[in-house]
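The structure under discussion appears below in the form of structure tokens.
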Amino acid sequence: MVTAIPDVFVKDIEAFLHDTHVSDFCKTPIDRLAREFLSVERSGEQVRELSRFAAITPTSRVLEVGSGFGTFVYYCRVNDICDCHGLEPGLPPYAATLDISRRLLDSAGIPASVIEEGIGESMPYADASFDAIYSVSCLEHTQDPKAVLSEVARVLKPGGVAVINFPNYGSWWEGHYNFFMLPHTPKWLFKIIARLRGRSPDFADTLQFITYGKLMGWLAPLKDKVDIVSTGQEIFRERVNGLQFSEWNGLGAVKQGVGLLKRLHLDQLLIRIGIKLHWETPFVLVLRRKA
């Protein structure tokens, strides 16, 4: 089992984060972010999240949409978890992430072609190509999330499962800026709040503010192709009940907030209202391709 990724890639990611001015909106230190992006512990958590809904074997053909720096693909292949592939855009600023990911694969003797250059709205794969699809913090960065979801349904094999993790802007937490917000805060107001908190508001213009209502509207045309297994409400319930929040990229603040509600004996009220109003954060959308 691989336990670490060479430190040289940490420096590459730190340079990328510096060049893209991530610190203008995210107050997590760049060196910590870089190590989180390359954390094999985080990749292990992601494999467990996918495996919760999809039966993954070494021969399973799995696609990560928005493969970023390639850590998940690297982890799955080096540890023979599955036949994992990645999809990452080649246009700036993602050209740098694509380059780093391919060099990371090459360092382990994995063909660079395993990670394809492309976008989620037009995936370079044949119909029914994958047993499972996994994606984290990608859908909110796409130009047309509805088209991405349609492509996910297209390239899944019958019976295949997609697990798509992305922020819920109908919840109380924004995971890029790492601060609490009122559910359904409109983007124009969010940008004002970001500026008042000393953060650059510009990054918000690159984000899709996805809510449960928008998501269900995008999925409605796919009802004959996929079943909606979950949007992550059961995971939300488990995390609140057991404080089972990871602390990657600022989520420690969410864990502390929920911990305070538990001490005030308000956690079950949070669950009941949160389930009703779809406060699950993030969304963990699980789709199963119909036979």
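Counting begins at 1 with the first residue of the sequence.
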* Asked: In terms of heavy-atom contacts, does NZ of Lys146 have more than 12 from other residues, nucleotides or ligands at under 6.0 Å?
  -> no
* Asked: Counting only heavy atoms not in Lys262, do more than 12 sit closer than 6.0 Å to its NZ atom?
  -> yes
* Option among Trp188, Phe190, Phe166 that satisfies the ring-ring contact (aromatic ring centres under 6.0 Å, His included) test with Phe209 -> Phe190
* Asked: Checking ring-ring contact (aromatic ring centres under 6.0 Å, His included) against Phe69, which of Tyr94, Tyr74, Phe37, Tyr75 comes through?
  -> Phe37
* Parallel, tilted or perpendicular for Tyr177 and Phe25, by the 30°/60° rule? -> tilted
* To do: On the 0 to 90° scale, with breaks at 30° and 60°, tag the Trp279-Trp172 ring pair as parallel, tilted or perpendicular.
  => perpendicular
* Any donor-acceptor N or O pair under 3.5 Å, side chains Asn241, Gln268 -> yes
* Distance-only, no hydrogens or angles: does the Glu88 side chain make a donor-acceptor pair with backbone N or O of Ser67 under 3.5 Å? -> yes
* To do: Indicate yes or no for a side-chain donor-acceptor contact from Arg77 to the backbone of Cys82 under 3.5 Å, with no hydrogens or angles considered.
  => no
* Do Leu149 and Val62 belong to the same hydrophobic cluster, where Ile, Leu, Val, Met, Phe, Trp and Tyr are linked whenever their side-chain heavy atoms lie under 4.5 Å apart, directly or via other members? -> no
* Asked: Taking the six-membered ring where the residue is Trp, are the ring centres of Trp173 and Phe180 under 6.0 Å apart?
  -> yes
* To do: Examine His141 together with His176 and report whether their ring centres are nearer than 6.0 Å.
  => yes
For a quick test of your reading: what N or O donor-acceptor pairs under 3.5 Å do the side chains of residues 120-136 make, sequence neighbours left out?
{"residue": "Glu121", "atom": "OE2", "partner": "Gln143", "partner atom": "N", "Å": "2.9"}
{"residue": "Glu121", "atom": "OE2", "partner": "Asp144", "partner atom": "N", "Å": "3.0"}
{"residue": "Tyr125", "atom": "OH", "partner": "Gly86", "partner atom": "O", "Å": "3.4"}
{"residue": "Asp127", "atom": "OD1", "partner": "Arg154", "partner atom": "NH1", "Å": "2.8"}
{"residue": "Ser129", "atom": "OG", "partner": "Ala126", "partner atom": "N", "Å": "3.3"}
{"residue": "Ser129", "atom": "OG", "partner": "Ala126", "partner atom": "O", "Å": "2.5"}
{"residue": "Asp131", "atom": "OD1", "partner": "Lys157", "partner atom": "NZ", "Å": "3.4"}
{"residue": "Asp131", "atom": "OD2", "partner": "Arg61", "partner atom": "N", "Å": "2.8"}
{"residue": "Tyr134", "atom": "OH", "partner": "Glu49", "partner atom": "OE1", "Å": "2.6"}
{"residue": "Ser135", "atom": "OG", "partner": "Val65", "partner atom": "O", "Å": "2.8"}

